[in-house]
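Only heavy atoms go into these numbers, but all of them, side chains included; no hydrogens, no water, no symmetry mates. Worth saying up front: this structure is predicted, and the values here are computed from it rather than measured.
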Amino acid sequence: MKNKHVVILGIIVIFLVAALIVKKTAFAPQDILSYGDLYAFFPDTTTTADVTDIVLFDGATPDKTIELKREGQAWRIVTSQNAAADMGLVAGLLGHLEKMKGEPRADDPKLHTDFQVDDASAVHIIVKDKDGKEIANVLAGKGDWKSSFVRPADSDVVYAVEDNLRGRAGYVGTALDPAKWLDKVALRLPEEHIDTITLTTPKGTVTFTKEKQTDTPKDHATPTPPAAASWSVQGGTWIPDPKQAAQELARNLLAVRITNILSPEDAAKLDFSKAEYTITTTGKTAKTITALPQKEENKEITQAYLRIDGDPLVYVMPQSEFNSLFLQEQPAQTPPKDAPQLMMPMNLQGQ
């Protein structure tokens, strides 16, 4: 009799567990893309390759637009002195728009402000083809890191979509940031394009010359990575290890990193003819980089303005990148005045 009750109890438990699993499976929230009959924001007959123009603006400040145009395989920020755009960010925005699907959530215009997809609150994203025809015109509203609300410009329907479209459009904090679209590498100079590097600083001038490597028989069955270039040094007595410095400098020239560009008005106020920091390369690619460090009252460099010959822009380079590129000593990190002090163990005090 006792065993019979145990069997019945076991059957009941199994039934309850099965019912719970069925309930969770049936009512589990789905990803937006798993729903059927979703709205597509990109025409089926169009691909990202057809897009040649992107216009972005915040509805609160419609006169402050960001416009990007395709130039061959590259993209330029027309509204930022035709500076090179970050190709990864452009591809990310267009690729997301092309695949974006929306689930309808509301169609009452009175609710647009709640979703921040009204004309004044939304971030407007307009993409066009080479003939100026609109491919997509979307208003990006509020959201979080994984989803957001959007509305087609010609419709009252609000859709929920995956990903944060505002963030992809360069919305940082409370406004669109043009600097986010900027290619943060102002110059890419491969080592194989360089024969010599001449560095000038207030301490003097040093020239690094790449030594020619002797050809050795190659075993084609066992590929080996190319050996690091050797450099001869002329000058630079203040540099502790000149040959290591040459290799570091060549690595830094592979990607000269910046954070922003100066406006034409601010750039016109600078006199680069008085610059004490220059780097000149010869070889397949000959370049001259000129830098004007900016200092605070304590004479510590905070950032530098950079000009590269053949490039009309003046770039802003952070202190750490300037120190690295021009082989300057990195400033020692001092803790803030209000930083907590570490207590010395009792058994070490007085030793």
Minimum-distance pair of heavy atoms, taken over all atoms of [X] and [Y]:
{"X": "Asn82", "Y": "Arg76", "result": "O-CD, 3.0 Å"}
{"X": "Pro109", "Y": "Asp107", "result": "CD-O, 3.5 Å"}
{"X": "Glu162", "Y": "His96", "result": "O-CE1, 3.0 Å"}
{"X": "Arg166", "Y": "Ala122", "result": "NH2-CA, 3.8 Å"}
{"X": "Ala140", "Y": "Ile125", "result": "CB-CD1, 4.3 Å"}
{"X": "Ser324", "Y": "Asn252", "result": "O-ND2, 2.9 Å"}

* Salt bridge between Asp195 and Lys210, side-chain N to carboxylate O under 4.0 Å? -> no

* Asked: So, are Asp114 and Arg105 salt-bridged, with charged N and O less than 4.0 Å apart?
  -> no

Within a strict 4.5 Å, meaning less than it, do heavy atoms of the [X] and [Y] side chains meet?
{"X": "Val150", "Y": "Phe115", "value": "no"}
{"X": "Leu262", "Y": "Leu270", "value": "yes"}
{"X": "Asp183", "Y": "Arg188", "value": "yes"}
{"X": "Leu327", "Y": "Ile239", "value": "yes"}
{"X": "Phe149", "Y": "Leu165", "value": "no"}
{"X": "Leu89", "Y": "Lys180", "value": "yes"}

Donor-acceptor pair, side chain of [X] and main chain of [Y], under 3.5 angstrom:
{"X": "Glu191", "Y": "Ala250", "result": "no"}
{"X": "Gln81", "Y": "Thr79", "result": "no"}
{"X": "Lys184", "Y": "Leu182", "result": "yes"}
{"X": "Thr302", "Y": "Gln294", "result": "yes"}
{"X": "Thr61", "Y": "Asp63", "result": "no"}
{"X": "Arg151", "Y": "Ser155", "result": "yes"}
{"X": "Thr201", "Y": "Lys203", "result": "yes"}
{"X": "Gln328", "Y": "Phe326", "result": "yes"}
{"X": "His124", "Y": "Asp119", "result": "yes"}
{"X": "Lys130", "Y": "Thr52", "result": "no"}

For residues 276-285, tabulate all N or O donor-acceptor pairs below 3.5 Å that involve a side-chain atom, not counting sequence neighbours.
residue	atom	partner	partner atom	Å
Thr280	OG1	Thr288	OG1	3.4
Thr281	OG1	Thr285	O	3.2
Thr281	OG1	Lys287	N	3.0
Thr282	OG1	Thr196	N	3.4
Thr282	OG1	Thr196	OG1	2.5
Thr285	OG1	His193	ND1	3.1

Side-chain heavy atoms under 4.5 angstrom apart, residues restricted to Ile, Leu, Val, Met, Phe, Trp, Tyr: same cluster for [X] and [Y]?
{"X": "Val172", "Y": "Val123", "value": "no"}
{"X": "Phe272", "Y": "Val316", "value": "yes"}
{"X": "Leu68", "Y": "Leu97", "value": "yes"}

* Asked: Are more than 12 heavy atoms from other residues, nucleotides or ligands located less than 6.0 Å from atom CD of Glu134?
  ->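 Count over threshold, so yes.
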
* Within 6.0 angstrom of Gln234 CD, more than 12 heavy atoms from elsewhere ->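 Counting other residues, nucleotides and ligands, CD of Gln234 stays at 12 neighbours or fewer.
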
* **Passing option when Phe42 is tested against Ile135, Asp50, Val138 for side chain to side chain contact (heavy atoms under 4.5 Å, CB included)** => Ile135

* Candidates Ile258, Leu187, Val256, Asn260 - the one meeting side chain to side chain contact (heavy atoms under 4.5 Å, CB included) with Tyr315 -> Ile258

* To do: Evaluate the ring planes of Tyr159 and Phe41, with Trp represented by its six-membered ring, and classify them as parallel (under 30°), tilted (30 to 60°) or perpendicular (over 60°).
  =>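 Rings of Tyr159 and Phe41: perpendicular, as their planes differ by over 60°.
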
* Asked: Mind checking what makes side chain to side chain donor-acceptor pair (under 3.5 Å) contact with Ser121, not counting sequence neighbours?
  -> Asp118

* **Pair Ser263-Asp266, side-chain donor/acceptor within less than 3.5 Å** => yes

* Can you find a side-chain donor-acceptor pair between Asn164 and Ser148 that sits under 3.5 Å? -> no

* If you round to the nearest 0.5 Å, how far is NZ of Lys133 from CG of Asp131? -> 9.0 Å

* Show the numbers, then the answer: is there a side-chain contact (heavy atoms from CB on, under 4.5 Å) between Thr290 and Leu306? => CA-CA 6 Å; Thr290 310; Leu306 216 67; over 6 Å; no

* To do: Would you check, one step at a time, whether the test side-chain contact (heavy atoms from CB on, under 4.5 Å) holds for Trp75 with Val51?
  => CA-CA 11 Å; Trp75 282 82; Val51 180; 4.0 Å; yes

